[in-house]
Amino acid sequence: MTLDALKSASRVMGIKQVSKAVKRGDATCVFLADDADARVIEPLIVLCQGQGVPVEHAATMADLGNACGIEVGAAAAAILRQPIC
């Protein structure tokens, strides 16, 4: 999955919100910035592995923030499952 998918998808941003989404089983894919602090993202990587959620990488926090449509960097973002109507 590419960063372009974040632009139109239902998503959450930030380590805490992404972690909550993964724990709830709502995340289909997690994106992590390669320049984010390793001690911050490492627990999220382990959580994703345990839950079977694929992890994709973005080069920088700025790239990930731009893909999410925000003007600041983001260490993590997740695409959420679409609600069943």
Side-chain angles (χ1 to χ4, degrees):
M1 200 169 287
T2 65
L3 285 178
D4 288 334
L6 280 170
K7 294 179 181 179
S8 60
S10 176
R11 64 188 177 270
V12 292
M13 296 157 280
I15 295 292
K16 288 181 183 179
Q17 293 302 316
V18 171
S19 295
K20 288 178 186 178
V22 171
K23 288 176 186 175
R24 287 192 310 260
D26 292 341
T28 60
C29 183
V30 170
F31 291 86
L32 297 174
D34 289 338
D35 65 344
D37 190 346
R39 65 184 167 87
V40 173
I41 62 171
E42 188 64 34
L44 182 53
I45 293 171
V46 172
L47 178 63
C48 289
Q49 290 171 342
Q51 297 288 330
V53 177
V55 175
E56 300 290 336
H57 294 274
T60 66
M61 292 174 60
D63 290 344
L64 191 52
N66 286 336
C68 292
I70 59 175
E71 294 182 13
V72 295
I79 294 178
L80 302 177
R81 296 187 192 286
Q82 297 299 319
I84 299 172
C85 297

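Residue Val30 is tested with Ile79, Ile41, Val53, Val12 for a side-chain contact (heavy atoms from CB on, under 4.5 Å); the sole match is Val53.
The two residues Ala5 and Ala9 have their closest heavy-atom pair at O-CB, 3.1 Å. Closest approach of Ala59 and Asp34 over heavy atoms only: O-CB, 3.6 Å. Here the closest non-hydrogen pair linking Ala78 and Ala27 is CB-CB, 4.1 Å.
Using a 4.5 Å cut-off between side-chain heavy atoms of Ile, Leu, Val, Met, Phe, Trp and Tyr, with links allowed through other members, Met61 and Val40 fall into different hydrophobic clusters. Linking Ile, Leu, Val, Met, Phe, Trp and Tyr whenever their side-chain heavy atoms come within less than 4.5 Å leaves Ile15 and Ile70 in two separate clusters. Leu47 and Met13 fall into different hydrophobic clusters, where Ile, Leu, Val, Met, Phe, Trp and Tyr side chains are chained together by heavy-atom contacts under 4.5 Å. Note on Phe31 and Ile45: separate hydrophobic clusters, where clusters join Ile, Leu, Val, Met, Phe, Trp and Tyr whose side-chain heavy atoms are under 4.5 Å apart, directly or indirectly. Residues Leu32 and Leu3 do not share a hydrophobic cluster, clusters being chains of Ile/Leu/Val/Met/Phe/Trp/Tyr side chains in contact below 4.5 Å.
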### Message
Run Leu64 and Leu6 through side chain to side chain contact (heavy atoms under 4.5 Å, CB included) and show every step you take.
### Response
CA-CA 9 Å; Leu64 191 52; Leu6 280 170; 3.6 Å; yes
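Considering CG of Leu80 and CD of Gln17, their distance stands at 10.0 Å, rounded to 0.5 Å. Rounding to the nearest 0.5 Å gives a distance of 8.0 Å between CG of Asn66 and NZ of Lys7. Note that the CG atom of Asp35 and the NE2 atom of His57 stand 12.5 Å from one another [nearest 0.5 Å]. Going from atom CZ of Arg81 over to atom SG of Cys29 covers 11.0 Å, rounded to the nearest 0.5 Å.
Remark: side-chain polar atoms of Arg11 are paired, donor with acceptor, to backbone N or O of Cys68 under 3.5 angstrom.
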